[in-house]
K.L.:
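Could you have a look at this structure, given as structure tokens, before my questions?
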Amino acid sequence: IEMNKTDEEFDSKGAIQKYIDKAFNTSTHPLGILMNNLESVFRDSYGGIGANQFLLVHAISEIQYIIKRLHGIIRILFPFLDGEDLEITNVGFSRVGMADPDDYLCIDSGYELLHPLVFLRIFPTLIMLYILHHAEGDRQYGRGIEILSQMDNERLVHFIHLPKEICRKLSGPNSDGSIIKDLDEAARILQKINTLYTPGEFLELFKSAFQQLSCIEQLTGDLLLPSVVYIVVRANVSHLGAYLHFLTDFAHTQPEDEYTLVTYEAAYNFIRKQDSPVS
């Protein structure tokens, strides 16, 4: 039966994902047997005492291949997921290893359906490789976080060069605390990072915290970087370099997302440079 791409078709993708998830979690289902074996082999190959940063490029290539092959199997079961008019994207662009040019997936059927199910099973092993890869940079970043976290709000906003008019709103006699509330709310959003495991979730979290800053009046483009530095410091996010690298490799981003991620990376590098106590 030929199936057209309709609203019902898109609505059915949640049900399809539930089916695939149940299949992956059923030990007697062929997909369950396949996923259990893939998960075990990936964990044994890249995790445990043998894990080191030089395995990251190989792990990335293997994940790309796994998702590509799983996508091919899912398309056999649900062929309408791969319409000709759907936009095509690469499954991941690695900064340490280039993706195979044949590793192309449809955004809808590959990224949305398979990423949550696959990364749920391999994320702990994979993120450890990213942490090892960024060990030195994240060590410097962690020291910077420790130093800046010791500052109170007034001292921190002056140190990161927020403009005087905003500083007066923070600490002046007419301060209503609204700016700090918006900044702290963005920081609370970032604190949820340790509960996530898929690239899409990480991207939405960073975007949500970034968008919270738009509630602040007089916040221009020049003030975004110090504002992001503030929320990263107050959120006390560990291993930010590893998370940003993971996101860059696997998240499907739009042009506006690139600006968001570049700002977070600039904040990360600023914090890394705070390697000595500030008087």
K.L.:
Do Glu136 and Gln140 pair up side chain to side chain, a donor and an acceptor below 3.5 Å, judged on atom types alone?
P.N.:
yes
K.L.:
Taking all non-hydrogen atoms of both residues into account, name the closest pair between Ala267 and Val228 and its distance.
P.N.:
CB-CG1, 3.7 Å
K.L.:
Please check if Met35 and Ile33 belong to a single hydrophobic cluster, counting links between Ile, Leu, Val, Met, Phe, Trp and Tyr side chain heavy atoms closer than 4.5 Å.
P.N.:
no
K.L.:
What I'd like to find out is whether the side chain of Ile231 reaches to under 4.5 Å of the side chain of Gln212, using heavy atoms alone.
P.N.:
no
K.L.:
Passes side chain to side chain contact (heavy atoms under 4.5 Å, CB included), Leu240 versus Ile145? Steps please.
P.N.:
CA-CA 11 Å; Leu240 182 60; Ile145 287 287; over 6 Å; no
K.L.:
Measuring from Ile66:CD1 to Arg121:CZ, what's the distance to the nearest 0.5 Å?
P.N.:
12.0 Å
K.L.:
Testing the basics here: between Leu148 and Ile271, what is the closest heavy-atom pair and its distance to 0.1 Å?
P.N.:
CD1-CG1, 4.2 Å
K.L.:
Is there a path from Leu205 to Val262 through hydrophobic residues (I, L, V, M, F, W, Y) whose side chains come within less than 4.5 Å of each other?
P.N.:
no
K.L.:
Is there side-chain contact between Ile122 and Tyr197, with heavy atoms separated by less than 4.5 Å?
P.N.:
no
K.L.:
When you compare the side chain of Leu196 with that of Tyr243, does any pair of heavy atoms fall below 4.5 Å?
P.N.:
no
K.L.:
If you draw the axis of the six-membered ring of Phe159, does the NZ or CZ of Arg155 fall within 45° of it and under 6.0 Å from the ring centre?
P.N.:
no
K.L.:
Are the ring centres of Phe250 and Phe202 closer than 6.0 Å?
P.N.:
no
K.L.:
Determine whether the aromatic ring centres of residues Phe206 and Phe210 are separated by less than 6.0 angstrom.
P.N.:
no
K.L.:
Is there a donor in the side chain of Arg272 and an acceptor in the side chain of Tyr268, or the other way round, less than 3.5 Å apart?
P.N.:
no
K.L.:
Do you know which two heavy atoms are closest between Tyr264 and Ala209, and how far apart they sit?
P.N.:
OH-CB, 3.4 Å
K.L.:
Does Gln274 use its side chain to pair, donor to acceptor, with the backbone of Phe270 at less than 3.5 Å?
P.N.:
yes
K.L.:
Is any side-chain heavy atom of His58 less than 4.5 Å from a side-chain heavy atom of Tyr46?
P.N.:
yes
K.L.:
Would you kindly confirm whether Ile131 and Phe54 end up in one hydrophobic cluster when ILVMFWY residues are joined by side chain heavy atoms under 4.5 Å apart?
P.N.:
no
K.L.:
Which heavy-atom pair separates His252 from Leu203 by the least distance, and what is that distance?
P.N.:
O-CD2, 3.6 Å
K.L.:
Set out, in order, the CA-CA distance, both residues' side-chain angles and the distance that settles side chain to side chain contact (heavy atoms under 4.5 Å, CB included) for Val232 and Tyr141, then state yes or no.
P.N.:
CA-CA 11 Å; Val232 169; Tyr141 160 80; 3.4 Å; yes
K.L.:
Does this structure show an ion pair linking Asp257 with Lys207, if we count only N-O contacts that are shorter than 4.0 Å?
P.N.:
yes
K.L.:
Would Tyr259 and Leu224 satisfy side chain to side chain contact (heavy atoms under 4.5 Å, CB included), going step by step from the backbone distance to the final call?
P.N.:
CA-CA 11 Å; Tyr259 178 73; Leu224 275 176; 3.5 Å; yes
K.L.:
Roughly how far apart are Gln17 CD and Phe24 CZ, rounded to 0.5 Å?
P.N.:
10.0 Å
K.L.:
When rounded to the nearest 0.5 angstrom, what distance separates CG in Leu129 from CD1 in Ile60?
P.N.:
8.5 Å
K.L.:
What pair of heavy atoms forms the shortest contact from Ala186 to Leu213, and how long is it?
P.N.:
CB-CD2, 4.1 Å
K.L.:
Kindly say whether Gly32 contributes a backbone atom to a donor-acceptor pair with the side chain of Asn36 at under 3.5 angstrom?
P.N.:
yes
K.L.:
Does one hydrophobic cluster hold both Phe123 and Val41, with members joined at side-chain heavy-atom distances below 4.5 Å?
P.N.:
no
K.L.:
With distance as the sole test, does Arg143 use its side chain to make a donor-acceptor pair with the main-chain N or O of Arg139 at under 3.5 Å?
P.N.:
no
K.L.:
Can you tell me how the ring of Phe119 sits relative to the ring of His115, calling it parallel under 30°, perpendicular over 60° and tilted otherwise?
P.N.:
perpendicular
K.L.:
CD/Glu256 to CG/Leu261 distance, rounded to the nearest 0.5 angstrom?
P.N.:
11.0 Å
K.L.:
Is there a donor-acceptor pair under 3.5 Å between the side chain of Thr248 and the backbone N or O of Leu244?
P.N.:
yes
K.L.:
To the nearest 0.5 angstrom, please state how far the CD1 atom of Ile16 sits from the OH atom of Tyr19.
P.N.:
10.5 Å
K.L.:
How many angstroms lie between CG in Leu132 and CD1 in Ile127, if you round to the nearest 0.5 Å?
P.N.:
10.5 Å
K.L.:
Can you tell whether the side chains of Asp182 and Arg234 come within less than 4.0 Å, N to carboxylate O?
P.N.:
no
K.L.:
Could you report the tightest heavy-atom contact between Ile189 and Ser208, atom names first, then the distance?
P.N.:
CD1-OG, 3.7 Å
K.L.:
Within a strict 4.5 Å, meaning less than it, do heavy atoms of the Leu70 and Ile20 side chains meet?
P.N.:
no
